Amino acid sequence: MKKEKKINPSKELPLGFVDRQEKELLVRDFIISNIKEVMIKYGFQYLETPSFEYSDSIGKFLPDKDRPDEGVFSFRDDNKWLSLRYDLTAPLARYVAKNFLEIPKPFKRYQLGTVWRNEKPGPGRFREFLQFDADYVGTKSLQADAELCVMISEILEKCGLTKSEYIVKISSRKITEELFKKININDSQQKLTALRALDKIDRLGWNGVKELLGSGRKDKSGDFTKGANLKPKDIETIEEALKKKSPETEDLLEILKIFKDYNFNNFEFDPSIIRGLEYYTGAIFEVNLKFDVTNDKGQVIQFGSIGGGGRYDNLVNNFGNYDAPATGISIGLDRLVYALMQKTEFKIKQSKPIVICVFDKNSMKDYIAIQTIIRKAGISVEIYPSESKLKKQMEYANKINSPAVILYGENEIKSSKPTLRNLRSGKEQSIEIKELVNEIKKII
RNA sequence: GCAGCAGUAGCUCAGUUGGUUAGAGCACUAGUUUGUGGAACUAGGGGUCGGUGGUUCGAAUCCACCCUGCUGUACCA
């Protein structure tokens, strides 16, 4: 009989999906707890919406296509297309439209949730990631826009970033709109290409952007990108306009005034920031890190922004007749985690369990008794799960970074004096049970 | 998507112009020590050489296609 070749299931993960380990999750939890604290202080309410939405509810319409636009993960269910949400703003708009009459106006909500994007992953950038999003719905007041920037800044500083390590950049859609009107670009494709080119100034610099506004640009690998084919004179006009150090549009002037009242100054006017192309209508903001981020080979990489947002006055309106101007901001949490973990001074302390070694299964009652005492004191502790050689148990304790082991063998039990071994110093001491908790506290 | 580079043990990598049974370090397991981890020594396990097909007497090595990773670029609502 011939042996069938066994084909094992793949251990690999789908492109852009990753396992996340404790080290990373603890940093993430730390950020989340800071976010929640700040959200409460600023009076936002907590909301959760489902991972899936009908594709058309989150802006994915399907004209003659057998699947929704690339960029989202979708599947067909009973002739309706469902998509995994790609952000938290679109579901919010849907939620507001659905519950418009019941919710307070303005509606201030924040949300933490996984989102999915069917795009090429990069460093600190995955196809599944956690996003934080805070929005003001139902107000035109620019106080809201300004406060979002102040608030995001407070969150970042709570997470340990200093003012010199990040900056909030602001601009307004109105600037580029006026600019395009001035130089008379009507072709919408051309407008789009130009807008996208402008968005890249931080990465490519002015020369790169100029090439993209003109005939096109060849990148480092030799790949060529077509440009917007603007006239040199128009490119000059744009360059001139974007050099301006202070804003002239009314919305930004107002926001700047409010920043002043808040005594907030870690921002920068930057007319070249664009953010998404679809729904923003007014002020836009972007949060950038100012320190170098490296990959695991130590190379400095293009990291981009860790979050941003802006005013979107028409999004809720798309669903029907309710008029709900809105503004919001989001952070990609995993990107922030990735960046924070690079700061060498950034370490989150975690308490690993004390390990009680097992000499004899029949003494389990005694092990459990001291385990209970220690746990009651709120200290992490566990009994080694089997009766292995002491060496193995010690190796285990060492491996999990346990601060200490408790040796409670025949003689110790007889005298009710367990031995506590400090795994960092290697010192051992014999201790009365009632003193055990106190001694452990000295070690951890 | 496009372009460049890469893929050999869990990890980092070596492997001569195609030539027996594919190697090293670290990690892992067992022992030196039946009550002692982080050091040392000894022994051991572990590989569809990214996959599939082709060329060849013979392929980790050459060819084709595919997959995956990295970097850049595009897209990012």
Side-chain angles (χ1 to χ4, degrees), chain A residues 5-8 10-18 53 55-61 68-72 83 85-91 93 115-123 125-127 129 131 192-193 195-197 199-200 203-204 208 211-212 216-227 274-280 294-297 299-302 304-305 308 310 312 315 318 330 332 355 357-360 384 387-412 418-428:
Chain A
K5 197 173 168 185
K6 194 187 169 198
I7 296 166
N8 293 319
S10 174
K11 289 170 284 219
E12 305 310 315
L13 290 168
L15 175 65
F17 288 79
V18 286
E53 297 269 357
S55 303
D56 60 353
S57 311
I58 50 172
K60 288 289 132 191
F61 300 93
D69 205 352
E70 288 167 26
V72 290
S83 295
R85 63 185 175 204
Y86 54 82
D87 73 3
L88 299 175
T89 311
V115 303
W116 295 264
R117 292 190 186 182
N118 195 353
E119 301 167 353
K120 190 203 152 188
R125 241 190 132 163
F126 308 103
R127 298 215 287 187
F129 59 97
Q131 201 172 57
L192 208 62
T193 310
L195 217 50
R196 284 171 180 157
D199 196 31
K200 296 171 178 56
R203 261 186 310 134
L204 307 179
E211 284 169 16
L212 283 174
R217 173 179 182 271
K218 204 181 216 174
D219 72 41
K220 239 162 76 181
S221 67
D223 194 27
F224 185 77
T225 310
K226 274 202 285 184
I274 304 296
R275 300 296 301 167
L277 302 160
E278 212 80 3
Y279 55 65
Y280 291 118
T294 57
N295 62 14
D296 43 354
K297 286 176 189 151
Q299 303 162 307
V300 175
I301 51 174
Q302 289 295 343
S305 72
Y312 52 98
L315 201 56
N318 281 342
S330 22
V355 174
C357 295
V358 172
F359 291 88
D360 180 358
Y384 190 82
E387 192 189 72
S388 311
K389 283 187 180 171
L390 194 53
K391 180 179 165 124
K392 274 199 88 165
Q393 303 193 37
M394 299 285 289
E395 276 170 357
Y396 167 79
N398 192 48
K399 181 109 187 174
I400 64 165
N401 261 319
S402 166
V405 294
I406 288 170
L407 305 173
Y408 204 34
E410 207 182 331
N411 293 334
E412 282 108 339
T419 299
L420 180 68
R421 180 184 176 92
N422 181 330
L423 285 180
R424 282 188 266 274
S425 67
K427 276 181 195 149
E428 272 179 18

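Keep in mind it's a predicted model, so treat the numbers as computed, not measured. Note on naming: letters A, B, ... go to the chains in the order of the sequence lines (proteins, then strands), and numbering restarts at 1 for each one.
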Rounded to the Å, how far apart are [X] [atom1] and [N] [atom2]?
{"X": "A/Glu119", "N": "B/rA77", "atom1": "CD", "atom2": "C1'", "value": "9 Å"}
{"X": "A/Arg217", "N": "B/rA3", "atom1": "CZ", "atom2": "P", "value": "17 Å"}
{"X": "A/Phe224", "N": "B/rG4", "atom1": "CZ", "atom2": "P", "value": "16 Å"}
{"X": "A/Leu192", "N": "B/rA74", "atom1": "CG", "atom2": "C1'", "value": "13 Å"}
{"X": "A/Trp116", "N": "B/rA77", "atom1": "CH2", "atom2": "P", "value": "18 Å"}
{"X": "A/Ile274", "N": "B/rA77", "atom1": "CD1", "atom2": "C1'", "value": "15 Å"}
{"X": "A/Phe126", "N": "B/rG69", "atom1": "CZ", "atom2": "P", "value": "12 Å"}

Can you check the distance between [N] and [M], where both ends of the measurement are the [atom1] atom (answer in whole Å)?
{"N": "B/rG45", "M": "B/rA27", "atom1": "C1'", "result": "13 Å"}
{"N": "B/rA60", "M": "B/rG53", "atom1": "P", "result": "14 Å"}
{"N": "B/rG69", "M": "B/rG25", "atom1": "P", "result": "31 Å"}
{"N": "B/rU12", "M": "B/rG51", "atom1": "C1'", "result": "23 Å"}
{"N": "B/rG46", "M": "B/rG4", "atom1": "P", "result": "41 Å"}
{"N": "B/rC76", "M": "B/rC67", "atom1": "C1'", "result": "25 Å"}
{"N": "B/rG47", "M": "B/rA6", "atom1": "P", "result": "27 Å"}
{"N": "B/rA9", "M": "B/rA24", "atom1": "P", "result": "14 Å"}

Nearest non-hydrogen partners of A/Ala397 and A/Leu423, listed with the distance: CB-CD1, 3.7 Å
Heavy atoms only: give me the nearest A/Thr89-A/Leu315 pair and the separation to one decimal. CG2-CD2, 4.0 Å
A/Tyr312: ring-ring contact (aromatic ring centres under 6.0 Å, His included) partners, not counting sequence neighbours: A/Tyr279
Base-paired stretches in RNA chain B with three or more consecutive Watson-Crick or G-U pairs, both distances under 3.5 Å, amount to B:1-7 with B:67-73, B:10-13 with B:23-26, B:28-32 with B:40-44, B:50-54 with B:62-66
For A/Phe359 and A/Leu390: C-alpha separation, side-chain torsions, deciding distance, then whether side chain to side chain contact (heavy atoms under 4.5 Å, CB included) applies. CA-CA 8 Å; A/Phe359 291 88; A/Leu390 194 53; 4.0 Å; yes
Classify [X] by what it touches in the nucleic acid, base, sugar-phosphate, or nothing, heavy-atom distance under 4.0 Å.
{"X": "A/Leu212", "value": "sugar-phosphate"}
{"X": "A/Lys200", "value": "sugar-phosphate"}
{"X": "A/Leu204", "value": "sugar-phosphate"}

Contact string for nucleotides 33-46 of chain B, one letter per nucleotide 5' to 3', B = base within protein heavy-atom range under 4.0 Å, S = sugar-phosphate only, - = neither, reads --BBBB--------
Take A/Glu412 and A/Thr419 through the side chain to side chain donor-acceptor pair (under 3.5 Å) test and state the conclusion after the steps. CA-CA 7 Å; A/Glu412 282 108 339; A/Thr419 299; 2.9 Å; yes
Presence of A/Arg196 side-chain N/O under 4.0 Å of B/rC76 phosphate oxygens OP1/OP2: yes
When you measure from the side-chain N and O atoms of A/Arg203 to the phosphate of B/rA74, is any distance below 4.0 Å, counting only OP1 and OP2? yes
To the nearest 0.5 Å, what is the distance between CZ on A/Arg127 and CZ on A/Phe17? 6.0 Å
Closest-nucleotide ordering on RNA chain B, the 5'-leading residue of A/Arg117 and A/Lys120: A/Lys120
